[in-house]
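Heads up, the thing below is written out as structure tokens.
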Amino acid sequence: MNWRAIKAIYRFEMARTGRTLMQSILAPVLSTSLYFVVFGAAIGSQITKMEGVDYGSFIVPGLIMLTLLMQSVMNASFGIYFPKFTGTIYELLSAPISFIEIVIGYVGAAATKSIILGLIILATSWLFVPVRIAHPVWMITFLLLTAVAFSLLGFIIGIWADGFEKLQVVPLLIITPLTFLGGAFYSVSVLPPFWQTVTFFNPIVYLISGFRWSFYEVADVNVNISLAMTLVFLAACLGVIWWIFRTGYRLKN
Amino acid sequence: MQDIITISGLSKTYATGFTALKNINLGIRRGEIFALLGPNGAGKTTLIGIVCGTVNPSEGTVTVDGHDNVTDFRAARELIGLVPQELTTDAFESVWATVSFSRGLFGKPKNPAYIEKILRDLSLWEKRNDKIMTLSGGMKRRVLIAKALSHEPNILFLDEPTAGVDVELRKDMWQVVRDLRASGVTIILTTHYIEEAEDMADRIGVISKGEIILVEEKKALMSKLGKKRLTLQLQEKLSALPAGMFGAEQLALSGDGTELTYTYDTQAERTGITRLLASLNEAGIRFRDLSTTQSSLEEIFVGLVHNGRNGAAK
Ligand SMILES: Nc1ncnc2c1ncn2[C@@H]1O[C@H](COP(=O)(O)OP(=O)(O)OP(=O)(O)O)[C@@H](O)[C@H]1O
Ligand SMILES: [Mg+2]
């Protein structure tokens with residue numbers, strides 16, 4: 001394993017983030033604040049409690065997840081797509097590194113960044129509503145696993161994409177809707193039975209439910225199932241990565 | 001001495017179905033400068049890409065200093081620096097950062113003093129903190145060279161390193177290449193400026209339509225394929241060559257009728273010069289002066305590739 005190469009890629013990616021600090025950090029903080037104003041203050045004043053938790057506090061884990069998923073996917077996909085687009089990928093391909101080092105470098109950096117953002121959102125939330133974390137270890141575990149799994153997904157998208165539109169399609173048309181419908185802002189139990197059943201086909205439900213459980217001990221599904229689903233998702237992404245690695249899919253002519 | 005790179009039975013067919021390389025067999029000698037020449041689309045970049053790992057071969061193998069470049073790619077690639085033909089650089093990175101990044105990517109520990117030396121040699125030191133996008137094309141080219149040298153490679157591939165570089169800097173660049181060679185680095189370069197290859201190379205390979213059509217020591221090539229030209233400055237204008245003159249098919253009269261050129265093959269058993277002079281004497285043609293010139297590599301190259309094209313058309 002070429003650790004120096006991993007470090008070089010990781011630092012390169014983190015430096016890229018550093019250059020766009022304003023949009024990287026300010027934008028999610030701003031949008032989180034807006035969610036609190038709109039959902040927390042306007043709607044929350046009507047709902048008051050969800051599963052015995054203040055509505056404002058209830059949405060915090062969902063908000064963090066929303067950012068975590070989006071940022072992981074977008075960062076990792078952009079990170080690997082850009083060298084393909086500009087041609088600088090020649091250097092990665094001619095270096096004495098395998099696909100493994102490339103994945104660890106890019107996915108590690110994307111996951112780091114999205115975890116940092118998740119924590120920033122958590123801190124921002126604290127300014128608006130009381131937040132309690134019942135199981136910090138579980139919370140960190142879900143944060144970490146989700147960030148890595150979705151950064152892997154983002155990496156796969158970045159390899160697959162052959163244009164900027166494709167980079168946008170998955171986050172905007174799949175992940176955002178699934179997150180909104182996945183109980184980021186409500187408990188699945190408030191839905192009619194039919195829609196509850198449909199909802200359980202949405203993998204993001206399990207992530208949000210488990211993550212929220214680590215805060216407030218309220219969940220739509222058992223936390224062990226959430227963890228298992230997260231691991232399944234992670235394994236699926238690793239499987240696809242392995243396949244790309246075996247076949248050299250879209251990396252080389 | 002054992003070749004440092006051995007290419008055997010290499011073929012490449014792109015996904016489009018186009019066959020860019022056909023059964024290439026080539027050895028690169030340790031420490032030489034090898035110039036790979038060929039017209040646009042001949043397959044030079046494809047060949048370099050396969051050796052360096054940016055393109056997958058369809059068939060055949062490449063070994064670099066004894067390491068197969070697929071099964072033992074880490075050991076093989078560690079030895080190689082690549083300067084790509086396209087100017088592909090990051091836009092927002094500084095020169096220093098991008099060159100350091102390359103060194104890290106190849107697994108080498110930090111060495112600021114060495115990177116400083118490269119940047120100074122390539123006249124980039126003043127620009128080290130500038131963002132790459134603010135550099136001119138020729139400077140970007142040199143940044144690519146600095147990146148390729150950052151990990152102290154034993155083998156350097158230069159795919160048209162001088163495209164878009166001004167005359168003075170080109171000289172500096174070739175000086176860098178000569179110094180590298182002197183330090184034992186093997187260099188493989190492509191260029192469309194044939195006179196550069198003539199200046200620099202120890203050996204020349206010519207590739208055309210995906211096939212290596214010639215590999216020769218430059219000197220041997222020049223004398224073997226070289227045609228010499230004898231130019232005679234005539235005392236009196238000549239309107240036409242006298243009929244039945246010796247070697248008429250090798251003779252050409254200049255437009256103003258004051259110069260006669262005789263082209264001959266240095267390898268031929270007889271150059272025919274003696275008979276030509278005798279024949280001129282008989283015809284009463286006198287000359288003031290004479291000179292000979294050897295044809296350049298460029299002419300040889302054009303001749304070769306041209307014949308190749310005609311051959312393929314038949
Ligand atoms: N990715 C690709 N897909 C399909 N065909 C390709 C691809 N890359 C190159 N080719 C074709 O392969 C042939 C060889 O290309 P290559 O770039 O190796 O030529 P070259 O000798 O480097 O030419 P030049 O002097 O113009 O740089 C060309 O006909 C080119 O069109
Ligand atoms: Mg080329």
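Hydrogens, waters and symmetry mates play no part in the numbers below; they use all other heavy atoms, side chains included. Residue numbers begin at 1 in each chain, while the letters A, B, ... track the order of the sequences.
More than 12 heavy-atom neighbours from other residues, nucleotides or ligands sit within 6.0 angstrom of CZ on Phe128(A). Few gaps surround NZ on Lys252(A); more than 12 heavy atoms of other groups in view lie less than 6.0 Å from it. For Lys84(A), the NZ atom counts as densely surrounded, since its 6.0 Å shell holds more than 12 non-hydrogen atoms of other residues, nucleotides or ligands. Counting non-hydrogen atoms of other residues, nucleotides and ligands closer than 6.0 Å to CZ of Arg11(A) gives a total of 12 or fewer. In Lys166(A), the NZ atom is crowded: over 12 heavy atoms of neighbouring residues, nucleotides or ligands sit closer than 6.0 Å. Within 6.0 Å of atom CZ in Phe180(A), more than 12 heavy atoms from other residues, nucleotides or ligands are found, so the atom counts as buried in its surroundings. For Glu86(B), the CD atom sits in a loose shell: 12 or fewer heavy atoms of surrounding residues, nucleotides or ligands are nearer than 6.0 Å. Atom CH2 of Trp125(B) sits in a crowded spot, with more than 12 heavy atoms from other residues, nucleotides or ligands closer than 6.0 Å.
Between Phe73(B) and Ile97(A), the shortest heavy-atom contact is CE1-O, 3.4 Å. Here the closest non-hydrogen pair linking Pro96(A) and Phe106(B) is CD-CD2, 3.1 Å.
Heavy atoms closer than 4.5 Å to chain B are found nowhere in Arg16(A), neither backbone nor side chain. Looking at Leu82(B), the atoms closer than 4.5 Å to chain A (heavy atoms on both sides) sit in the backbone and in the side chain alike. Contact of Thr54(B) with chain A is made through backbone and side chain together, with heavy-atom distances under 4.5 Å.
Between chain A and the options Ala97(B), Ala148(B), Gly104(B), heavy-atom pairs under 4.5 Å are most frequent for Gly104(B). Between chain A and the options Ala15(B), Ala75(B), Ser102(B), heavy-atom pairs under 4.5 Å are most frequent for Ser102(B). With respect to chain A, the highest number of heavy-atom pairs below 4.5 Å among Lys108(B), Lys12(B), Arg103(B) belongs to Lys108(B).
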query = Which is it for Val55(B) and Tyr90(A) under the side-chain contact (heavy atoms from CB on, under 4.5 Å) test, yes or no, and what are the steps along the way?
reply = CA-CA 9 Å; Val55(B) 177; Tyr90(A) 85 86; over 6 Å; no
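Although no hydrogens or angles enter the test, the distance criterion places a donor-acceptor pair under 3.5 Å between the side chain of Arg77(B) and the main chain of Ala95(A).
For the atom pair CD (Glu101(A)) and CZ (Arg74(B)), the distance works out to 4.0 Å, reported to the nearest 0.5 Å. Going from atom CD1 of Ile132(B) over to atom OG1 of Thr88(A) covers 9.5 Å, rounded to the nearest 0.5 Å.
Phe12(A) pairs with exactly one of Asp90(B), Leu105(B), Thr98(B) by the side-chain contact (heavy atoms from CB on, under 4.5 Å) rule, that one being Asp90(B).
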